[in-house]
Amino acid sequence: MPSLMTSFWTSFGATLLLVALTIVQGWRGRRRAHLVLALTSVASLTLTIVLAERMGATRTFPRDAMRIHLWFAKSAALAVVPVALTGAVLWRRPTWRPVHRTVVVLFLLLTVAATATGTWVFSLSEPK
């Protein structure tokens, strides 16, 4: 059975890969594949968050650094909502493409910041 640490990092990597594939399929205009990958990405992100919470119980993280990471992580997770909403509107109204694209870029910037700060915080952590 894989360790919690291995499960977390595997899930984390899978989530990033799924987000990248979702973007590629969106750019290519493959709506069905884009939608399936988007939903799979959200499910993978949920699993990653659950595993991160479990890992948090086994490690000590610096409080101030964690506060910074959590701001970006929660903001990125919340940004999924406007991405999904504008994507749903875009399905029927192609004029919404610039709005959807803008919201996606903001989501991706928050995701990159959450990934960077999460990796930073993990590097500062210690086992309990």
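Keep in mind it's a predicted model, so treat the numbers as computed, not measured.
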Parallel, tilted or perpendicular: rings of F122 and W9 (30°, 60°): perpendicular
Selection residues 49-65 - residue pairs positive for salt bridge (Lys or Arg N to Asp or Glu O under 4.0 Å), sequence neighbours left out: D64-R67
Derivation of the side-chain contact (heavy atoms from CB on, under 4.5 Å) call for R31 and W91: CA-CA 9 Å; R31 288 183 174 178; W91 198 276; 3.8 Å; yes
Shortest non-hydrogen contact from G56 toward F61: CA-CE1, 3.6 Å
S3: side chain to side chain donor-acceptor pair (under 3.5 Å) partners, not counting sequence neighbours: T6
Contacts of S41 that satisfy side chain to side chain donor-acceptor pair (under 3.5 Å) - sequence neighbours left out: T22
By ring pair (Phe, Tyr, Trp, His ring centres under 6.0 Å) - contacts of W71 (at least two apart): none
Under 3.5 Å: donor-acceptor pair, side chain of T58, backbone of M55: yes
T10 side-chain N/O to S7 backbone N/O, donor-acceptor pair under 3.5 Å: no
Grouping I, L, V, M, F, W and Y whenever their side-chain heavy atoms are under 4.5 Å apart, do [X] and [Y] come out in a common cluster?
X    : Y    : answer
V19  : L21  : no
V80  : F72  : no
M5   : V121 : yes
I23  : V81  : no
L124 : F12  : yes

Spacing of CG belonging to L16 relative to OG belonging to S44, to within rounding of 0.5 Å: 8.5 Å
Distance (rounded to the nearest 0.5 Å) between L18 CG and T40 OG1: 6.5 Å
List the atom pairs, with distances to 0.1 Å, where a side-chain N or O of residues 96-116 and a protein N or O form a donor-acceptor pair under 3.5 Å, not counting sequence neighbours.
| unit_1 | atom_1 | unit_2 | atom_2 | d |
| --- | --- | --- | --- | --- |
| H100 | ND1 | V83 | O | 3.4 |
| H100 | ND1 | T86 | OG1 | 2.8 |
| H100 | ND1 | G87 | N | 3.2 |
| T102 | OG1 | P98 | O | 2.8 |
| T111 | OG1 | F107 | O | 2.8 |
| T115 | OG1 | T111 | O | 2.8 |

Nonpolar side-chain network containing L45, other nodes, edges under 4.5 Å: I49
